[in-house]
Amino acid sequence: MSLKRGVAVIGLFLAAAWLVSCGMNSEEKRLAAAINQALQTRDLGYWQVDDLDIQDQRQDSTGPEEITTYKVEAVLALEKPLREVRYVDDIGKRVVTRTALAQGEERDLSASVQIIRGNDQENVVTTLDEQALPRGMVAEDFEQRFEGWQVIAEDSDEFADLEEELQGKLDDSLSAMAEADHTLRQIQVQLMAARAELAVLEENAEAVGGLGEPMEKASQEVEALIERVQEQEATRDSLGEQVERRKKALASLRGE
């Protein structure tokens, strides 16, 4: 037996151990263990199969392999309370959190389990919609990750102060972006006028002599204004990105 296969078999065995006392038959217990193992692999091990119903079963053969495909509907139960992290301030070491789901909460999950046998080997492939399950942090993971941080709860004075702080930063960024956009439009108008002046000089150059120096100055002014437009566009875009970050931070804090 290969090391990889050995680890998978051990994982399934351990995942199945707690199912012995459940009201499932041996086939359902094995499928439940496969789903639990898949949840563990996807960092969703705090969800565990509480009940399972086989909706469909199909047998297929491909060369030396025999494939049994199960379509199942499972009821998952939350083993530990989940904390939802709303906002993280890495610089100030502040974190806003709340209890998202209590222990024992249940969710329905559709899954497909394939058992592939052949060449003296057996492999299990589990497909499930992990997006259907709420994610979060269990208490011990939260405490380890944010040890020494200021933990801010909803409906606290600290929460209200932080919300006001983030709203103020967003307002400042919006004001700065509006000013940058206004400055950009002014420079663009100046560029249009400078290009028009240069075009007139170029048009009259053949008919009127002595326009070399004015044309050179006009050309230099156009180039300088183009550079200013590019710089101002970069400033405006950078402020726009800052606005989006601060909007997301405020929305995350508010749970939106």
Side-chain angles (χ1 to χ4, degrees), residues 39 42-47 76 78 80-103 105-107 109 129-195 221-256:
L39 290 169
R42 293 164 172 78
D43 295 325
L44 287 163
Y46 37 78
W47 291 102
L76 306 185
L78 187 61
K80 302 176 182 179
L82 280 188
R83 281 184 174 273
E84 177 187 356
V85 176
R86 286 283 186 84
Y87 174 78
V88 175
D89 175 10
D90 287 307
I91 298 175
K93 291 191 177 298
R94 297 177 296 179
V95 57
V96 177
T97 181
R98 72 180 183 92
T99 300
L101 291 174
Q103 183 176 357
E105 289 275 355
E106 294 184 346
R107 289 291 187 276
L109 180 71
D129 181 14
E130 59 187 275
Q131 301 300 322
L133 298 175
R135 287 181 176 269
M137 297 184 73
V138 296
E140 52 264 39
D141 292 340
F142 179 86
E143 290 167 4
Q144 181 179 1
R145 167 66 176 84
F146 297 108
E147 183 180 1
W149 287 44
Q150 179 188 5
V151 179
I152 300 174
E154 290 182 304
D155 302 323
S156 66
D157 292 339
E158 291 83 0
F159 182 91
D161 291 342
L162 179 57
E163 184 177 24
E164 183 178 353
E165 176 187 329
L166 294 185
Q167 183 65 63
K169 288 181 177 180
L170 175 58
D171 292 342
D172 290 344
S173 293
L174 287 168
S175 177
M177 188 176 72
E179 184 177 346
D181 198 51
H182 176 69
T183 301
L184 175 61
R185 288 196 299 270
Q186 287 183 320
I187 300 172
Q188 288 172 333
V189 169
Q190 293 173 16
L191 176 59
M192 290 176 60
R195 280 175 166 164
E221 183 179 0
V222 168
E223 291 177 0
L225 286 169
I226 290 174
E227 186 174 343
R228 285 187 61 194
V229 165
Q230 293 172 342
E231 291 174 351
Q232 193 63 26
E233 284 176 338
T235 299
R236 191 256 332 255
D237 293 344
S238 177
L239 287 168
E241 292 173 359
Q242 184 184 77
V243 164
E244 290 305 311
R245 288 195 302 271
R246 290 181 170 176
K247 280 183 177 179
K248 288 180 181 178
L250 190 57
S252 177
L253 178 71
R254 292 168 172 169
E256 298 173 351

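Sorted by first and then second residue, the salt bridge (charged side-chain N to carboxylate O under 4.0 Å, His left out) pairs with a member in residues 148-161 read Arg86-Glu154; sequence neighbours excluded. The ring pair (Phe, Tyr, Trp, His ring centres under 6.0 Å) analysis of residues 147-186, with sequence neighbours excluded, yields the pairs Phe146-Trp149.
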Given the rule in the side chain to side chain contact (heavy atoms under 4.5 Å, CB included) test, do Tyr87 and Arg254 qualify, once you have shown the distances and angles that lead to the verdict?
-> CA-CA 9 Å; Tyr87 174 78; Arg254 292 168 172 169; over 6 Å; no

Apply the test side chain to side chain contact (heavy atoms under 4.5 Å, CB included) to residues Arg185 and Val189: give CA-CA distance (whole Å), side-chain angles for both, the deciding distance (0.1 Å), then the verdict.
-> CA-CA 6 Å; Arg185 288 196 299 270; Val189 169; 5.6 Å; no

Criterion side chain to side chain contact (heavy atoms under 4.5 Å, CB included) on Arg135 and Glu130, from CA distance to verdict | CA-CA 9 Å; Arg135 287 181 176 269; Glu130 59 187 275; 2.8 Å; yes

Go through Glu143 and Arg83 one step at a time and tell me if the side chain to side chain contact (heavy atoms under 4.5 Å, CB included) criterion holds.
-> CA-CA 11 Å; Glu143 290 167 4; Arg83 281 184 174 273; over 6 Å; no

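Not a single donor-acceptor pair under 3.5 Å links the side chain of Ser175 to the backbone N or O of Asp171. Counting only distance, with no hydrogens or angles, the side chain of Trp47 and the backbone of Pro134 share a donor-acceptor pair below 3.5 Å.
In terms of heavy-atom proximity, Ser156 sits nearest to Ile152 at OG-CG2, 3.7 Å. The two residues Met137 and Val85 make their nearest non-hydrogen contact at SD-CG2, 3.8 Å. In plain terms, the two heavy atoms of Val229 and Leu184 that are nearest each other are O-CD1, 3.8 Å. Between Ala180 and Leu239, the closest heavy-atom pair is CB-CD1, 3.8 Å. Looking at every heavy atom in both residues, Leu253 comes nearest to Glu163 through CD2-CA, 3.6 Å. Closest non-hydrogen pair, Leu78 versus Ala102, comes out as CD2-O, 3.5 Å.
Atom CG of Leu162 and atom CD of Gln167 lie 11.5 Å apart (nearest 0.5 Å). Atoms CG and CD, from Leu191 and Glu223 in turn, are 11.0 Å apart once rounded to the nearest 0.5 Å. Taking CG of Leu170 as the reference point, atom CD of Glu165 lies at 12.5 Å (rounded to 0.5 Å). Summarising the geometry, atom CD belonging to Gln186 is positioned 10.5 Å from atom CD belonging to Gln188; distances are rounded to the nearest 0.5 Å.
For the pair Leu44 and Leu76, the minimum side-chain heavy-atom distance is 4.5 Å or more.
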In a table with atom names and distances, give each donor-acceptor pair under 3.5 Å that connects a side chain of residues 242-250 to protein atoms at least two apart or in another chain.
{"unit_1": "Gln242", "atom_1": "OE1", "unit_2": "Ser173", "atom_2": "OG", "d": "2.7"}
{"unit_1": "Arg246", "atom_1": "NH1", "unit_2": "Lys169", "atom_2": "O", "d": "3.0"}
{"unit_1": "Arg246", "atom_1": "NH1", "unit_2": "Ser173", "atom_2": "OG", "d": "2.6"}

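Applying the side-chain contact (heavy atoms from CB on, under 4.5 Å) test to Arg228 and every residue at least two apart in sequence or in another chain returns Ile187, Gln190, Leu225. Residues satisfying the side-chain contact (heavy atoms from CB on, under 4.5 Å) criterion with Glu140, sequence neighbours excluded, are Lys80, Val138. Arg145 meets the side chain to side chain donor-acceptor pair (under 3.5 Å) test with no other residue; sequence neighbours excluded.
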